[in-house]
Amino acid sequence: MPINKVTDAEFKVIDAAVDELRSYFSNKADELGRPLTYLIKTYGCQLNESDSEKLSGYLEEMGLIESNTDKADVIFFNTCSIRENADDRLFGNLGVYKSVKRENKDMIIAVCGCMMKVEKNVEKIKKSYPFVDLVFDPQQLHLMPLLLQKSLSSKKLAVDIDNIDYIADDNRMPIARKRKFRALVPIMYGCNNFCTYCIVPFSRGRERSRDFDEIINQMKQLASEGYKEVMLLGQNVNSYGKDLGENKSFPDLLEACAQIEGFSRIRFMTSHPKDLSDRVIDIMAKYDSIETHLHLPCQSGSDAVLKRMNRHYTREQFLRTAKLFREKVPDGAISTDIIVGFPGETDRDFEDTLSLVRECRFDSAFTFQYSKRPGTKAAEFEDQVSQDVVTERFSRLLDLQNELVFESNKNLVGKTMEILIEGESNTAPDILTGRTKCNHLVNFTIPSELGISIKPNELEGKLGMVKITAAKPYSVEGVLECLIND
Ligand code: SAH
Ligand code: SF4
Ligand code: F3S
């Protein structure tokens, strides 16, 4: 599959389309006597969140205003294909729009994201959801304005699911960031690992790293704009640079980012255990601006299963890395991903996963029931595990993990910790939420005697010291002691 870097000339054509669409939507707004609105429904991982911020950026340049109602004039579904239920959710949600669009013929509906790299899904849209106006896959995201233009002029579905793995410079695209303190920064796209259960290498194409200086320039710009937290994103950040031929690796990039003034939290995900070097852990221990949290998916604790998953590490190697991290970053936290019920997983294999979980004492874990993804190697394995067994194992794993998370949370009670404030919590207006440097979720109150008159939403992105007073199963509670001036 060819990898093409989007050229300046191509960007100019896209910019011209954006200009034309801006006048189209402005005329429409005059006709209707109100501004036009858009809504993006995002499913899946942070890479999709990041893609949606770019789509928002383009739509806002076209003069559209973000809405949070399903009645918006332009609706995007940015889909995920990681598990079967993700697919089901899209088609369930999309069905509702059949009648909505009948009432509002000018409404524009777009479907994009990882599901659109699966031919069958695109066919299904053409056949059963003919009211959709545009369809494109993640690699063609920057071409959205051209497709929208095409669909509006032809009044037909415009599709672009070409087999080209584009890489477009973020610095050349408009990005409407969701949070004013947090910036998502993809450092690489795609994946070459082909874990046998996983659809991502098919939906996101081959691994390609962004240019080193391009990322650093973007990071400097973000620091100057006041962003406090950055999240370096990639399916396997530790293989950053392998395709650049410039002798630049992930630790080089992480260290260069840490040396830029202004960030309080530099985060990165995901680390593949086979590629995580000791140097990354040393850099995490050395720089205060790097989060002391490592997301290190183990997937299973059994060597036999890891082999059939094509993960390229053993249980022992995983344990060594986890141990090294605990030694070098003593206050740090490790989170993981675990799949239960991978084809051929025996009771013994599953016990190995439970014992790995006990040994590593993960501070948090994302646990998944194996989901068969057509097109992947594991989907053809004949020894699929029955749903009853998967359900039973899954609930045992969950019980163990919940117990460990609760314990990890209890260990924080009594400590005073630095929190990056994320804003109001969902629970009550006077409770705020934030995260510790190792990614623990903290809900806290502000005692009136502190005399803080700033509104909660204006505290977003500020650092504070919070005394942890109680542990909950998935979070901790605390009281603000002071704000830290930056
Ligand atoms: N690149 C990351 C993972 C991205 S997908 C990594 O290698 O760690 C996020 C998680 O979804 C994976 O870690 C895995 O635990 C889970 N996952 C992926 N495919 C799955 C499948 N077919 N069934 C169940 N869980 C799956
Ligand atoms: Fe999927 Fe494996 Fe690539 Fe992660 S490393 S995206 S699990 S193939
Ligand atoms: Fe889903 Fe695509 Fe992310 S399949 S998990 S949105 S890379």
Side-chain angles (χ1 to χ4, degrees), residues 40-52 77-87 89-90 111-118 121 137-139 141 165 184 186-208 232-240 242 268-276 294-301 305-306 308-313 318 321 334-343 345 353 362 364-381 384-385 387 390 393-394 397 401:
I40 304 182
K41 289 181 181 260
T42 308
Y43 306 83
C45 65
Q46 274 99 355
L47 281 160
N48 257 17
E49 298 280 348
S50 162
D51 283 350
S52 288
F77 291 87
N78 193 5
T79 64
C80 168
S81 201
I82 201 83
R83 285 171 289 275
E84 198 174 353
N85 58 4
D87 288 11
R89 269 174 70 198
L90 169 76
V111 187
C112 57
C114 291
M115 273 180 74
M116 294 303 101
K117 201 74 205 169
V118 178
N121 291 330
D137 69 47
Q139 281 65 263
L141 184 108
D165 287 345
L184 306 175
I187 60 167
M188 59 188 301
Y189 299 97
C191 181
N192 285 355
N193 287 308
F194 290 95
C195 302
T196 52
Y197 50 81
C198 186
I199 196 77
V200 172
F202 303 94
S203 58
R204 290 266 170 183
R206 292 294 57 76
E207 221 165 77
R208 49 217 188 274
L232 308 176
L233 297 176
Q235 291 301 348
N236 178 9
V237 288
N238 306 101
S239 63
Y240 171 81
K242 283 185 184 163
F268 57 93
M269 67 191 325
T270 297
S271 288
H272 193 304
K274 83 175 159 68
D275 295 316
L276 180 78
L294 182 64
H295 184 59
L296 195 65
C298 65
Q299 313 297 358
S300 167
V305 174
L306 288 171
R308 296 211 330 151
M309 285 177 162
N310 196 32
R311 290 289 286 179
H312 293 282
Y313 54 85
F318 184 89
T321 309
I334 309 180
S335 61
T336 200
D337 293 348
I338 304 172
I339 298 177
V340 173
F342 183 76
E345 184 190 73
T353 297
F362 295 116
S364 74
F366 299 92
T367 48
F368 307 104
Q369 301 192 9
Y370 168 72
S371 172
K372 192 170 168 177
R373 306 314 292 131
T376 61
K377 219 167 171 183
E380 288 158 28
F381 292 172
Q384 304 283 325
V385 180
Q387 186 55 48
V390 175
R393 286 181 190 163
F394 187 72
L397 173 64
Q401 183 53 35

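Counting starts at 1 for both ligands and their atoms, following the listed order. Keep in mind that the numbers below use all heavy atoms, side chains included, and drop hydrogens, waters and symmetry copies. No experiment lies behind these values; they were computed from the predicted model shown.
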Exercise. Between T336 and L296, is there a donor-acceptor pair closer than 3.5 Å when you use the side chain of the first and the backbone of the second?
Worked result: yes

Exercise. Which one holds for Q235 and ligand 1: side chain close, backbone close, both close, or neither close, with close meaning a heavy atom under 4.0 Å?
Worked result: both

Exercise. Do Y370 and ligand 1 have an N or O pair less than 3.5 Å apart?
Worked result: no

Problem set entry | ligand 2 atoms in contact with Q235 (distance to a heavy atom under 4.0 Å) | 6 (S)

Exercise. Are any of the heavy atoms in N236 under 4.0 Å away from ligand 1?
Worked result: no

For this session: Would you mind checking which non-hydrogen protein atom is closest to atom 2 (Fe) of ligand 2, with the distance to 0.1 Å?
Result: C195 SG, 2.3 Å

For this session: Ignoring hydrogens and angles, tell me if any N or O in the side chain of N48 forms a donor-acceptor pair with the backbone of T42 under 3.5 Å.
Result: no

Exercise. Polar-atom distance check: D337 versus ligand 1, any N or O pair below 3.5 Å?
Worked result: yes

Exercise. Is a side-chain donor or acceptor of Q235 paired with a backbone partner of M188 at a separation under 3.5 angstrom?
Worked result: no

For this session: Quickly, which of S300, C298, C195 forms a side-chain contact (heavy atoms from CB on, under 4.5 Å) with R311? Name it, please.
Result: C195

Exercise. In the protein, what heavy atom is nearest to atom 7 (S) of ligand 3, and what distance, to one decimal place, separates them?
Worked result: Q235 NE2, 3.2 Å

Exercise. What protein heavy atom sits nearest atom 6 (C) of ligand 1, and how far away is it?
Worked result: T270 CG2, 3.7 Å

Exercise. Could a heavy atom of Q369 be found less than 4.0 Å from some atom of ligand 1?
Worked result: yes

Exercise. Under 3.5 Å, side chain of S371 to main-chain N/O of E84, donor-acceptor pair present?
Worked result: yes

For this session: Considering heavy atoms of the protein only, find what lies nearest to atom 7 (S) of ligand 2 and give residue, atom and distance to 0.1 Å.
Result: Y197 OH, 3.4 Å

Problem set entry | Heavy-atom donor-acceptor pair, E345 side chain to G341 backbone, under 3.5 Å | yes

For this session: Say whether, by atom type as modelled, one donor and one acceptor occur between the side chain of T79 and the main chain of C112 under 3.5 angstrom.
Result: yes

For this session: Have a look at ligand 3 and work out which part of N48, if any, has a heavy atom under 4.0 Å from it: side chain, backbone, both or neither.
Result: side chain

For this session: Report the nearest protein non-hydrogen atom to atom 8 (O) of ligand 1: residue, atom name, distance rounded to 0.1 Å.
Result: P297 CG, 3.0 Å

Exercise. Any idea which atoms of ligand 1 are less than 4.0 Å away from a heavy-atom of R373?
Worked result: 22 (N)

For this session: State, with a plain yes or no, whether a side-chain heavy atom of V385 is found less than 4.5 Å away from one of R393.
Result: yes

For this session: Measure the distance from atom 1 (Fe) of ligand 3 to every protein heavy atom, then report the residue, atom name and distance (to 0.1 Å) of the closest one.
Result: C80 SG, 2.4 Å

Exercise. Does R204 use its side chain to pair, donor to acceptor, with the backbone of C191 at less than 3.5 Å?
Worked result: no

Problem set entry | Numbering as shown, the atoms of ligand 2 that approach V200 to under 4.0 Å (heavy-atom distance) | 6 (S)

For this session: Identify which of G44, S371, P201 has a heavy atom lying nearest to atom 22 (N) of ligand 1.
Result: S371

Problem set entry | atom 20 (C) of ligand 1 - nearest protein heavy atom and its distance | Y197 CD1, 3.7 Å

Seminar exercise, completed: Per-atom filter on ligand 2: closer than 4.0 angstrom to a heavy atom of F194 are 8 (S)

For this session: With heavy atoms only and a cut-off of under 4.0 Å, state how F368 meets ligand 1: side chain, backbone, both or neither.
Result: side chain

Exercise. Got a second to check how far N192's CG is from E207's CD, nearest 0.5 Å?
Worked result: 4.0 Å

Problem set entry | Enumerated ligand 3 atoms positioned under 4.0 Å from heavy atoms of C45 | 3 (Fe), 5 (S), 6 (S), 7 (S)

Exercise. Which ligand 2 atoms does C191 reach within 4.0 Å, using its non-hydrogen atoms?
Worked result: 3 (Fe), 5 (S), 6 (S), 8 (S)

For this session: Would you indicate whether K41, at its atom NZ, is surrounded by more than 12 heavy atoms from other residues, nucleotides or ligands within a distance under 6.0 Å?
Result: yes

Exercise. Are F394 and F368 close enough that their ring centres sit under 6.0 Å apart?
Worked result: no

Exercise. Near C198, which atoms of ligand 2 are under 4.0 Å from a heavy atom of that residue?
Worked result: 1 (Fe), 6 (S), 7 (S), 8 (S)

Problem set entry | atom 5 (S) of ligand 1 - nearest protein heavy atom and its distance | I82 CD1, 3.5 Å

Exercise. Got the closest protein heavy atom to atom 11 (O) of ligand 1, with its distance?
Worked result: R83 NH1, 3.3 Å

Problem set entry | Within reach of ligand 2, part of P201 (heavy-atom separation under 4.0 Å) | side chain

Exercise. Between Y43 and F77, how do the two ring planes meet: parallel, tilted or perpendicular, split at 30° and 60°?
Worked result: parallel

Problem set entry | Protein heavy atom at shortest distance from atom 4 (S) of ligand 3 | S81 N, 3.3 Å

For this session: Look at C114 and state whether any of its N, O or S atoms is less than 2.8 Å from atom 3 (Fe) of ligand 3.
Result: no

For this session: Please state whether R311 comes within less than 4.0 angstrom of ligand 1, counting heavy atoms only.
Result: yes

Problem set entry | Donor-acceptor side-chain pairing of N310 and T196 below 3.5 angstrom | no

Exercise. Can you tell me if CZ on F194 sees more than 12 non-hydrogen neighbours from other groups inside 6.0 Å?
Worked result: yes

For this session: Without swapping roles, check the side chain of T353 against the backbone of G301 for a donor-acceptor pair under 3.5 Å.
Result: yes

Exercise. Which ligand 2 atoms, with their elements, are less than 4.0 angstrom from a heavy-atom of H272?
Worked result: 5 (S)

Problem set entry | For atom 15 (O) of ligand 1, the protein heavy atom that lies nearest, with its residue and separation | Q299 OE1, 2.7 Å

For this session: For the residue pair N78 and D51, confirm or rule out a side-chain donor-acceptor distance under 3.5 Å.
Result: no

For this session: Give a yes or no on whether the ring-centroid distance for H295 and F268 is below 6.0 angstrom.
Result: no

Exercise. Okay, side chain of D165, backbone of R206: is any donor-acceptor separation there less than 3.5 Å?
Worked result: yes

Exercise. So, does I339 sit close enough to ligand 1 that a heavy atom of it is under 4.0 Å from the ligand?
Worked result: yes

For this session: Considering only non-hydrogen protein atoms, determine which one is nearest to atom 5 (S) of ligand 2 and report residue, atom name and distance to 0.1 Å.
Result: N193 ND2, 3.4 Å

Problem set entry | Which of the ligand 2 atoms, numbered from 1, are nearer than 4.0 Å to a heavy atom of R311 | 2 (Fe), 7 (S)

